[in-house]
Amino acid sequence: MLRNLKPALISAVVVVILSGLLMGIRLQQQGTGLVLIGGGMDVAVKIGAAALFIFLFNLFRDHLTALWNRVPALPRTPAAISILAARPAAHRLMWCFIIAAAVIWPFLTNRSNIDLATLVLIYVMLGLGLNIVVGLAGLLDLGYVGFYAVGAYTYALLSMYFGIGFWTGLVAAGAMAALFGFLLGFPVLRLRGDYLAIVTLGFGEIIRILLNNFTSLTNGPNGIGNIPKPDLFGLEFSRRASEGAQTFHEFFGIDFNSVHRVMFLYFLALVLVLFTLFVINRLLRMPVGRAWEALREDEVACRSLGINPTAVKLNAFTIGATFAGFAGCFFAARQGFISPESFTFIESAIILAIVVLGGMGSQLGVILAAIIMTLLPEIARQFDEYRMLLFGLLMVLMMIWRPQGLLPMKRPHLELKS
């Protein structure tokens, strides 16, 4: 216990400093002295409780570990079920159930839940795109939100200056994001690990600052509004159609209902996610998918097998950025307004957390993690001051409990028995 005393004290001091900064406590100069402002008795009690908890946890960590090891393990999955679950037919059946549940969902719930599910699908698309770069190719990208912003602003600017519609803008946004991903790939060809993370982080911040300061084109911090909503083969979901168009409810002879637009956006996001899953699954079965995984495992061995790491990295960045561009275009159309504040570093951190939490390379894990990471802030809305603390605690617990993720990626393999 005594050997843990010093680390426990250091941890408690760090918690006090970081918690104080998060809760707005700061030093302000008054005359020739410094005064502590922003705090109060309630804040001091909360910080003290958190520091005491961390201190006691680290002090008695060995005893807690011993108690944890005595907890009986969860029963293993029966062998028959494991064999059945490993069959391709079972995987296809599982995906059919998931898709069927996603299609039925908007008919069983209210408008706010459909809107929340649409947001989940946006993060699923972003998570699947980043999963190519981080989970499959093993390239740590902290600036993925930059491609997201490029896609959103491409559609917004095309619609504002040239009157381009959503479907044309969707293709243009994906192509522009892919171009930026290709251009980013060149400076980072020789970088890995922390250095790669720093460069990609800088790229994301450069995009945000550029959008903020290039006011003549992007309208700066004021953002771009009145972005056109997507339509269904020319049918608009508004109460009155624009000149030369027709509304959805008039075409089908039904009463106008604003829920129709919300449901259409949900199904459009679902189609984009299914398209993303289809493309990624096809790529994984192609040589480029195998090359991504080879690069992730060992770049030197990858090069020795005749695989060109330069082309593999460029492929990963380009394809991953394309899906971020699609998600950005849909986000802009759904919101109707975008600004640089929608594309901060915290968005990149959340998307990366979705990939890590779900399991590196696991598509089903990304979907599950996106649901958790989107619903958690909504559930913890009443604890608004502590949402980021809860987010950090969840990450720490995951690193302790399941460092490989909720649903780690599994590859078919053969074992030779002697």
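These numbers were taken from a predicted model, which means no experiment stands behind them. Positions are given from 1 along the sequence.
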**Asked** Are the side chain of Thr200 and the backbone of Leu142 linked by a donor-acceptor contact shorter than 3.5 Å?
**Response** yes
**Prompt:** Of all residues at least two apart in sequence or in a different chain, which pass the ring pair (Phe, Tyr, Trp, His ring centres under 6.0 Å) check with Phe166?
**Reply:** Tyr155
**Greater than 12 external heavy atoms within 6.0 Å of Phe53's CZ** = no
**Message:** Main chain of Arg111, side chain of Asp115: is a donor-acceptor contact present, judged purely on distance under 3.5 Å?
**Reply:** no
**Request:** Check the surroundings of atom CG in Asn226: do more than 12 heavy atoms from other residues, nucleotides or ligands lie under 6.0 Å from it?
**Result:** no
**Message:** Return the CD1 to OG1 distance between Ile350 and Thr374, rounded to the nearest 0.5 Å.
**Reply:** 8.5 Å
**Request:** Taking Asn212 for its side chain and Pro340 for its backbone only, find out whether a donor-acceptor pair lies under 3.5 Å.
**Result:** no
**Fill in**
Heavy-atom nearest pair, Asp141 first then Phe317, reads OD2-CE2, 3.8 Å
**Asked** When rounded to the nearest 0.5 angstrom, what is the spacing between OG in Ser348 and CZ in Arg208?
**Response** 11.0 Å
**Request:** Check the pair Tyr153, Ile207 against side-chain contact (heavy atoms from CB on, under 4.5 Å), reporting the backbone distance first and the verdict last.
**Result:** CA-CA 11 Å; Tyr153 269 87; Ile207 293 293; over 6 Å; no
**Request:** Quick one: pull up CD1 in Ile280 and CZ in Arg285 and give me the separation to the nearest 0.5 Å.
**Result:** 12.0 Å
**Item:** Exam field: side chain Ser362 to backbone Gly359, donor-acceptor pair closer than 3.5 Å
**Value:** no
**Request:** Report the distance from atom CG of Leu314 to atom CG of Asn308, rounding to the nearest 0.5 Å.
**Result:** 8.5 Å
**Request:** Spell out, as yes or no, whether a donor-acceptor pair under 3.5 Å connects the side chain of Thr318 to the backbone of Asn315.
**Result:** no
**Prompt:** Counting N and O atoms only, with roles assigned by atom type, does the side chain of Thr218 sit under 3.5 Å from a partner on the main chain of Leu211, one being a donor and the other an acceptor?
**Reply:** yes
**Message:** Please determine whether side-chain contact (heavy atoms from CB on, under 4.5 Å) holds for the pair Tyr195 and Val199, giving the CA-CA distance in whole Å, both sets of side-chain angles, and the decisive distance to 0.1 Å.
**Reply:** CA-CA 6 Å; Tyr195 303 102; Val199 172; 5.7 Å; no
**Request:** Measure the CD-SG distance between Glu297 and Cys302 for me, rounded to the nearest 0.5 Å.
**Result:** 10.5 Å
**Request:** Please check if atom OH in Tyr161 has more than 12 non-hydrogen atoms from other residues, nucleotides or ligands closer than 6.0 Å.
**Result:** yes
**Item:** Least distance between heavy atoms, Ala173 atom then Cys329 atom
**Value:** CB-CB, 3.6 Å
**Asked** Would you say Lys313's side chain and Gly185's backbone share a donor-acceptor pair under 3.5 angstrom?
**Response** no
**Message:** Name the residue from Leu364, Ile367, Leu93 that meets the side-chain contact (heavy atoms from CB on, under 4.5 Å) definition with Ile98.
**Reply:** Leu364
**Request:** Kindly assign one of parallel, tilted or perpendicular to the pair Tyr144 and Phe147, based on the angle between their ring planes and the thresholds 30° and 60°.
**Result:** perpendicular
**Minimum heavy-atom distance between Ala172 and Leu158, given as atom pair plus value** = CB-CD1, 3.6 Å
**Prompt:** When the ring planes of Phe343 and Phe331 are compared, do they come out parallel, tilted or perpendicular, using 30° and 60° as the limits?
**Reply:** perpendicular
**Message:** Go through it in stages, so that I can follow the logic: the residues are Leu265 and Phe330, the test is side-chain contact (heavy atoms from CB on, under 4.5 Å), and I'd like the CA-CA distance, side-chain angles, deciding distance and then a yes or no.
**Reply:** CA-CA 9 Å; Leu265 290 174; Phe330 178 80; 4.2 Å; yes
**Request:** Output, in order, the C-alpha distance, side-chain angles, deciding distance and verdict of side-chain contact (heavy atoms from CB on, under 4.5 Å) for Phe278 and Leu274.
**Result:** CA-CA 6 Å; Phe278 173 77; Leu274 294 178; over 6 Å; no
**Message:** If we ignore hydrogens and angles and just use 3.5 Å, is the side chain of Trp292 paired with the main-chain N or O of Gly135 as donor and acceptor?
**Reply:** no
**Complete:** Closest non-hydrogen contact found for Val124 with Ala370 is CG2-CB, 3.5 Å
**Message:** Minimum heavy-atom separation for Met373 and Ala353, please, with both atom names.
**Reply:** CE-CB, 4.2 Å
